[in-house]
Number of protein chains: 2
Amino acid sequence: MRTDIRERFGIEHPIFGFTPSEEVAAAISRAGGLGVLGCVRFNDPDELDRALHWMDEHTDGKPYGVDVVMPATVPTEGTQVDLDALIPAGHRDFVARTLTELGVPPLPEDEQSGAGVLGWLHSVARSHVEVALKHPIALIANALGSPPPDVIAAAHQAGVPVAALAGTASHAQRHVDNGVDIVVAQGYEAGGHTGEIASMVLLPEVVDAVGDRAPVLAAGGIGTGRQIAAALALGADGVWMGSTWLTAAEYTLGGNGSATQKALLAAGSSDTTRTRIYTGKPARLLKTRWTEAWTSPDAPAPLPMPLQNILVSEAHDRISRSGNPEVVSMPVGQIVGRMNRVRPVAEIFEDLLGELDATVRRLSSDR
Amino acid sequence: MRTDIRERFGIEHPIFGFTPSEEVAAAISRAGGLGVLGCVRFNDPDELDRALHWMDEHTDGKPYGVDVVMPATVPTEGTQVDLDALIPAGHRDFVARTLTELGVPPLPEDEQSGAGVLGWLHSVARSHVEVALKHPIALIANALGSPPPDVIAAAHQAGVPVAALAGTASHAQRHVDNGVDIVVAQGYEAGGHTGEIASMVLLPEVVDAVGDRAPVLAAGGIGTGRQIAAALALGADGVWMGSTWLTAAEYTLGGNGSATQKALLAAGSSDTTRTRIYTGKPARLLKTRWTEAWTSPDAPAPLPMPLQNILVSEAHDRISRSGNPEVVSMPVGQIVGRMNRVRPVAEIFEDLLGELDATVRRLSSDR
C-alpha cells in the first residue's frame with residue numbers, strides 16, 4: 001500500500017504547483033499544496049539562492065520544492081562563445097528576418113540580451129541542485145527525466161526525494177529503476193516538454209508500470225477540480241499543475257498585465273502547438289505568429305538542445321519587450337482555454353478543491 | 001437536470017460501443033450497453049439491411065444504434081469512374097511502388113478490388129439512414145459532425161435521437177444548434193477521425209459548452225473502468241468506446257486471428273499516428289510500415305475526402321490479404337496499448353464495470 005502523498009509531504013492537498021515565480025510557488029505552499037520553483041531561468045546560482053531565501057521566509061514553514069532541467073543525455077557543454085559558434089548563420093538570418101516581419105523592435109542600444117537559458121546545461125543545473133540542497137526543500141524534480149545518479153544520491157543523502165517527468169510507461173519504469181522517488185506522468189496536452197500519449201491513456205499505464213514502487217503525479221490538462229478527480233480516478237496519487245499559475249495574481253514575471261498574460265487569457269484550448277522551436281525538444285507553446293512563422297516552408301529545422309534556446313534567447317527578450325500579445329513565445333498546456341481570469345492562488349485552490357469534492361460526491365451518488 | 005443516459009436509452013450501463021461488426025454490436029447491446037453498428041463498410045444498402053435484420057434477431061430486444069459517415073460539407077460526388085479520374089497518376093504510382101517495397105502481393109487474378117468505401121459519399125450515407133430507419137434503431141450517430149437538417153428531421157420523425165462527434169467545444173455547440181441530441185466528445189487520443197484536443201481538456205469544455213441541452217459521451221482513450229470513472233468525473237454522461245472491440249472474440253471481420261488483430265494485440269500506446277492517409281481527414285491509425293511510408297520525403301500529400309480512400313482502397317484489400325501484421329492499415333486509438341488479449345464482449349464488460357465500481361469506491365473513501 002502506498003503512503004498517502006499528502007502524508008508523505010506534510011501537505012494538505014495532493015496538488016503540486018510548478019512555477020518559475022517564487023511568489024506563486026510560496027502562495028501554492030501556503031494554500032496547502034506543494035509549490036515547486038522552476039530554476040531554469042536562474043543563470044546565476046546566487047540569484048537562485050536569494051529566491052530560495054525569500055521562499056524560506058514566505059512559506060510559513062510549509063514545504064516547497066525546486067525543479068531543475070537536466071537532459072538524460074548530457075548535451076553539448078561549453079562557454080557561451082563555444083556554443084554560439086555551433087549555430088548556423090541561416091538559422092540566425094531566419095530569426096532576424098522573422099522578428100522584422102513580425103514588427104518586433106530591436107533591443108534598446110543600452111541593453112544587452114541575456115545569456116539565454118543556461119539552465120539547460122548540466123553544469124548550471126548541478127549548481128541549482130547544490131544551492132537548493134542548502135535550503136529546507138521537500139522535493140527536487142527534473143523536467144527531463146532521471147537526473148544523473150550522483151545528483152539522486154546527493155538528494156537522498158540530504159533526505160530530499162527526487163521526482164522525474166515521464167511521457168511513457170517505460171520512461172517511468174526507468175526513472176524508478178534509477179532511484180527516482182516520484183514519477184510525474186506528463187500527457188500530450190501538457191505545456192512545455194511533452195510526449196505524444198494523452199493523459200487519459202498515459203496515467204493508468206504509468207501507474208500500473210511503477211506499481212507500489214513510486215507515487216505518480218498527473219501532469220497535463222489539469223486546471224479544474226473535475227480534472228483532479230479524473231486524475232485520481234485514473235490512479236494518480238496527486239496532480240502536478242503548471243500552466244494554471246501563469247495567470248495567477250501573484251505571477252508578476254514579465255510585469256503585471258504583461259503581453260504574455262494577455263495572450264494566455266485570450267487563448268482557447270486549440271491555441272497551442274507542440275514544437276521544437278523553444279528548446280530543441282518537443283514542447284507545447286501558445287500558438288502565436290512567432291510559432292506559426294516556424295511552420296512556413298522556408299523555416300529551418302530547430303536545432304538540438306541547448307543550441308535552439310540560445311538561438312532564440314535574444315528573440316525572446318525582444319518579444320517580451322515588444323509588448324505585443326500576438327507574437328509571444330510561451331510554454332503552456334491545452335488547459336490555457338480555462339485560464340480566463342487573473343485570480344489569487346488561494347482562490348484558485350478554493351475552486352479546485354470545491355469542485356473536486358463536488359465531483360467525488362456526484363460520482364458516488366450516481367453509482 | 002439531465003435525464004440519466006441509461007434511463008433515456010433503456011440500457012443498463014452508460015457504455016456505447018461503436019463497431020463495424022454486427023456480432024460485436026449485438027454482444028454489446030446484450031451485455032447492457034448500446035451497440036452501435038458502423039455502416040461505412042456497407043456499400044450496398046441491401047447488405048446493411050441484412051446486417052440489421054441479423055441485429056434485430058440477436059439483440060434479445062435490447063436497443064442498438066447505427067453510425068454513418070456524413071461530412072459536414074458535401075464532398076465531391078460522382079460515379080466511381082468520375083472520382084477515379086480526379087486521382088493524380090503520381091499518387092497511384094506512389095501507392096503501387098510502396099506496396100511493392102512492402103512486399104504486399106497483387107490481388108489474385110480472379111479477384112477484383114472492391115469499390116472503396118463509398119459510405120463516405122453523402123448519397124450512400126443517406127441510403128444507410130433510410131435503411132436503418134426501417135429497423136427499430138435507438139440512435140443514429142454521425143462520425144463527422146452534424147448530419148444535414150433533413151436527415152436529422154427524418155430521424156426525429158421516426159423518434160430516433162441523433163448523435164454527432166465533436167473535437168472542439170464550438171463544434172459541439174453547433175451540433176446542438178443544428179438539432180443534434182447527443183454529443184460524442186472525441187479527444188486527440190481516439191482512433192479514427194480525431195482532433196487535437198485531448199479528452200482531459202476537451203470533455204469538461206464540451207460539457208460546459210452544451211450545458212443541459214444535450215448529454216455528452218466521452219470518446220478517446222477509454223478501455224478500462226478507471227477511464228470510464230475519469231470520463232464521468234470530467235462530466236460525461238457516458239462513454240463511447242470503439243477501439244477496444246477490435247480485439248473482442250466476437251470480432252471476426254478479416255478472419256479470426258487476422259494480421260490486423262495480431263498487430264493490434266502487439267501494439268503499445270506509442271504505436272499510433274494521426275494522419276490523413278486513410279480518408280483525407282486526420283485520423284488516428286496503427287503505426288505500421290504502411291503509415292511510415294507516407295511520412296517519407298517522396299510521399300505525396302494525401303488527397304481530400306473521398307478521393308484518398310478511393311486511392312488506397314485496393315491497397316487496403318491487398319494489405320488485408322497479405323496477412324502481414326507489419327503493414328496493416330487500421331484506425332485505432334492510443335488505448336491499443338491495453339488491447340493485449342482476445343476476450344468476449346461480456347468479459348470486457350465485466351472488467352470495465354468491476355473496475356469502475358472499485359474506482360468510485362476508492363475515490364469516495366480517499367476524500
Side-chain angles (χ1 to χ4, degrees), chain A residues 4 6 14 167-170 187-190 195-208 218 220-237 268-274 333-338 353 355-357 359-367, chain B residues 4 6 14 167-170 187-190 195-208 218 220-237 268-274 333-338 353 355-357 359-367:
Chain A
D4 189 299
R6 293 168 293 189
T168 67
S170 60
Y188 168 82
E189 53 270 71
E196 290 188 346
I197 308 172
S199 291
M200 183 71 91
V201 172
L202 177 69
L203 264 171
E205 282 197 337
V206 169
V207 167
D208 292 350
I222 301 187
T224 67
R226 281 173 287 179
Q227 287 154 334
I228 298 177
L232 298 177
L234 292 167
D237 295 273
S269 57
S270 301
D271 298 328
T272 70
T273 182
R274 188 168 165 274
Q334 293 185 335
I335 198 64
V336 69
R338 287 268 164 197
L353 297 166
E355 191 175 300
L356 168 58
D357 282 343
T359 302
V360 173
R361 273 199 306 275
R362 170 170 58 78
L363 284 180
S364 313
S365 66
D366 277 1
R367 300 301 308 166
Chain B
D4 189 299
R6 293 169 293 189
T168 66
S170 60
Y188 167 83
E189 51 272 70
E196 291 187 346
I197 308 173
S199 291
M200 183 72 92
V201 172
L202 178 69
L203 264 171
E205 281 197 337
V206 168
V207 167
D208 292 351
I222 301 187
T224 67
R226 282 173 286 179
Q227 287 154 333
I228 297 177
L232 298 177
L234 293 169
D237 295 273
S269 57
S270 300
D271 298 328
T272 71
T273 180
R274 189 168 165 272
Q334 293 185 333
I335 198 66
V336 70
R338 287 267 164 199
L353 296 165
E355 190 175 302
L356 168 58
D357 281 344
T359 303
V360 172
R361 274 200 306 276
R362 170 170 58 77
L363 284 180
S364 312
S365 67
D366 276 2
R367 301 299 309 165

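Any value given below was found using the heavy atoms of this structure, including those in side chains, with hydrogens, waters and symmetry copies removed. Quantities reported herein were computed from a predicted structural model and do not represent experimental measurements. Order of the sequence lines fixes the chain letters, A, B, ..., with proteins taken first and strands second; residue numbering starts at 1 for each chain.
Using a 4.5 Å cut-off between heavy atoms, B/T168 contacts chain A through its side chain alone, with no backbone atom that close.
Counting heavy atoms from C-beta outward, B/R226 and A/V207 have side chains that approach closer than 4.5 Å. Put simply, the side chain of B/I197 reaches to within 4.5 Å of the side chain of A/S270, judged on heavy atoms. The closest side-chain heavy-atom distance from B/M200 to A/L202 is not below 4.5 Å.
Of all heavy-atom pairs between B/A233 and A/T359, the closest is O-CG2, 3.4 Å. Of all heavy-atom pairs spanning B/I335 and A/V201, the tightest one is N-CG2, 4.1 Å. Here the closest heavy-atom approach between residue B/Q227 and residue A/P204 is recorded as NE2-CG, 3.5 Å. The shortest non-hydrogen separation linking B/L363 to A/V360 is O-CG1, 3.7 Å.
Applying the side chain to side chain donor-acceptor pair (under 3.5 Å) test to B/Q334 and every residue at least two apart in sequence or in another chain returns nothing. Evaluation of the side chain to side chain donor-acceptor pair (under 3.5 Å) rule for B/T273 yields no partner, not counting sequence neighbours.
Among the candidates A/R274, A/E355, A/R338, A/E196, the residue making the largest number of heavy-atom pairs closer than 4.5 Å to chain B is A/R338. Chosen from A/G333, A/A230, A/A169, A/G225, the residue pairing most often with chain B at heavy-atom distances under 4.5 Å is A/A230.
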